[in-house]
Number of protein chains: 2
Amino acid sequence: MRLSTKGRYAVTAMLDLALNGKNGPVTLAEISENQGISLSYLEQLFAALRNKELVRGVRGPGGGYYLGKSADEISIANIICAVDEWVEFTRCGGRQNCSGGARCLTHTLWDDLSSEIFNFLANISLGDLVRRNLNKTEDEESSLSVVANADSQAA
Amino acid sequence: MRLSTKGRYAVTAMLDLALNGKNGPVTLAEISENQGISLSYLEQLFAALRNKELVRGVRGPGGGYYLGKSADEISIANIICAVDEWVEFTRCGGRQNCSGGARCLTHTLWDDLSSEIFNFLANISLGDLVRRNLNKTEDEESSLSVVANADSQAA
DNA sequence: TCCATTTCCTAGTAAATCACTTGGTAATTA
DNA sequence: TAATTACCAAGTGATTTACTAGGAAATGGA
């Protein structure tokens with residue numbers, strides 16, 4: 001899993017699309033304006049998203065982008081994987097004998113953790129995020145935060 | 001949260017240190033050999049880790065690095081934050097009026113998700129990873145994987 | 001005391017990535 | 001026909017990545 005700023009832009013843009021795409025397509029110009037991301041950079045990101053069928057484009061006046069499937073069927077992991085092409089980290093893909101014992105043990109641990117992070121993000125959908133926020137704003141503005149204290153250093 | 005390859009190197013190196021540092025310090029030369037990371041790059045990473053007191057260096061022959069605290073007190077988030085300096089993503093730090101409604105709503109959603117990812121990684125310690133693997137190898141080699149199926153695309 | 005070992009420190013670098021600009025073409029609507 | 005929008009390709013300055021080079025400071029053993 002690779003969570004770069006590029007992935008953040010994509011997630012942010014997809015969130016904007018999910019929120020504003022209820023009635024009719026959303027133009028990249030609108031998302032660009034809303035989120036402060038350059039139009040051409042959005043075009044690049046959406047080219048990748050379209051390849052993975054996460055969005056669907058409609059050309060011409062009144063056109064724009066729709067979600068490619070329902071917000072509940074699009075996970076955060078889907079979005080990030082679409083724009084941040086997956087790179088295999090450990091050179092030994094489990095197969096090659098990578099200098100044996102200690103090294104591959106660490107690689108296994110890392111791979112497990114990596115899978116866990118992926119699954120965590122795979123289990124959060126765009127729909128989840130939108131609903132979660134709607135519930136929140138019903139209650140109050142921004143007081144409650146489910147995310148409590150980590151262990152110590154939060155900066 | 002920013003999970004780059006740099007963070008991966010740091011986590012991998014710290015895992016190696018946790019595994020091999022039971023009796024005596026571990027040299028960067030060993031970690032470099034084990035994990036296939038250049039010595040000088042490790043030095044840079046460990047400079048950052050030392051600043052956050054996640055490791056403790058001992059100079060001279062027989063020297064090397066110890067964990068700065070127990071493996072249970074070091075979270076994956078700690079490690080990643082030490083080497084991948086935190087960057088504020090949304091320009092409006094919640095305070096500035098960032099063109100109002102739709103934009104800040106998306107930002108709030110993103111910030112919540114971001115916190116959630118951080119807390120997820122903050123709740124996994126080096127000790128967890130090591131123990132998890134010991135249990136696994138007791139059972140069998142590599143057959144079971146707790147991380148089951150995500151939704152669809154795993155590549 | 002001298003030497004080997006190791007951390008610690010600074011500077012530089014090729015390659016990749018990031019976020020963006022420029023300059024288009026193709027499809028669609030009015 | 002003209003405006004609007006997605007789509008496409010090439011290039012660019014700034015930053016990051018992973019690394020090399022060349023040391024200095026501390027420590028242990030001879």
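Letters A, B, ... are given to chains in the order of the sequence lines, protein chains preceding strands, and every chain is numbered from 1.
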>> Of the options dT5(D), dT7(C), dC9(C), whose atoms approach the side-chain atoms of T27(A) most closely?
In response: dT5(D)
>> At less than 4.0 Å, is any side-chain N or O atom of S4(A) found next to OP1 or OP2 of dT17(C)? Yes or no.
In response: no
> In terms of hydrophobic clustering (I, L, V, M, F, W, Y; side-chain heavy atoms under 4.5 Å; direct or indirect links), are V58(B) and L42(B) co-clustered?
Replying inline: no
>> What's the closest nucleotide to the side chain of Y9(A) if the choices are dC8(D), dC8(C), dA19(C)?
In response: dA19(C)
>> Output the rounded distance in Å from CZ (R8(A)) to C1' (dT17(C)).
In response: 16 Å
>> Under 4.0 Å from OP1 or OP2 of dC7(D): is there any side-chain N or O of R56(A) that close?
In response: no
> Within this structure, what is the CG-to-P distance between L42(A) and dC8(D), rounded to whole angstrom?
Replying inline: 16 Å
> Roughly how many Å is it from OH in Y66(B) to P in dT7(C), rounded to a whole number?
Replying inline: 12 Å
>> Between C1' on dC9(C) and CG on N51(B), what's the gap in Å once rounded to a whole number?
In response: 12 Å
> Between S114(A) and W110(A), is there a donor-acceptor pair closer than 3.5 Å when you use the side chain of the first and the backbone of the second?
Replying inline: no
> D84(B) CG to dA18(D) C1': how many Å, rounded?
Replying inline: 13 Å
> How close or far is atom P of dC9(C) from atom CG of L49(B), stated in whole angstroms?
Replying inline: 14 Å
>> What does the B/S/- profile of nucleotides 20-30 of chain D look like, 5' to 3', with a 4.0 Å heavy-atom cutoff to protein?
In response: BB---BBBS--
> Can you check the R50(B) CZ to dT6(C) C1' distance for me, whole Å?
Replying inline: 13 Å
> If you look at every strand shown and take non-hydrogen atoms under 4.0 Å, does F46(B) touch a base, only sugar-phosphate, or nothing?
Replying inline: nothing
> Hey, mind stepping through N78(A) and S75(A) against side chain to side chain donor-acceptor pair (under 3.5 Å) and telling me if it holds?
Replying inline: CA-CA 5 Å; N78(A) 288 149; S75(A) 73; 3.0 Å; yes
> Separation of K6(B) atom NZ from dA15(C) atom P, in whole Å?
Replying inline: 20 Å
>> Assess the residue pair D128(A) and S125(A) against the criterion (side chain to side chain donor-acceptor pair (under 3.5 Å)); give the C-alpha distance rounded to whole Å, side-chain angles, the decisive distance to 0.1 Å, and a yes or no.
In response: CA-CA 5 Å; D128(A) 289 334; S125(A) 72; 3.2 Å; yes
> Are side-chain heavy atoms of L54(A) and L67(A) found at a separation under 4.5 Å?
Replying inline: no
> Any salt bridge between R8(A) and D84(A), counting N to O under 4.0 Å?
Replying inline: no
> Going from CG on L28(B) to OG on S40(B), what distance comes out if it is rounded to the nearest 0.5 angstrom?
Replying inline: 9.5 Å
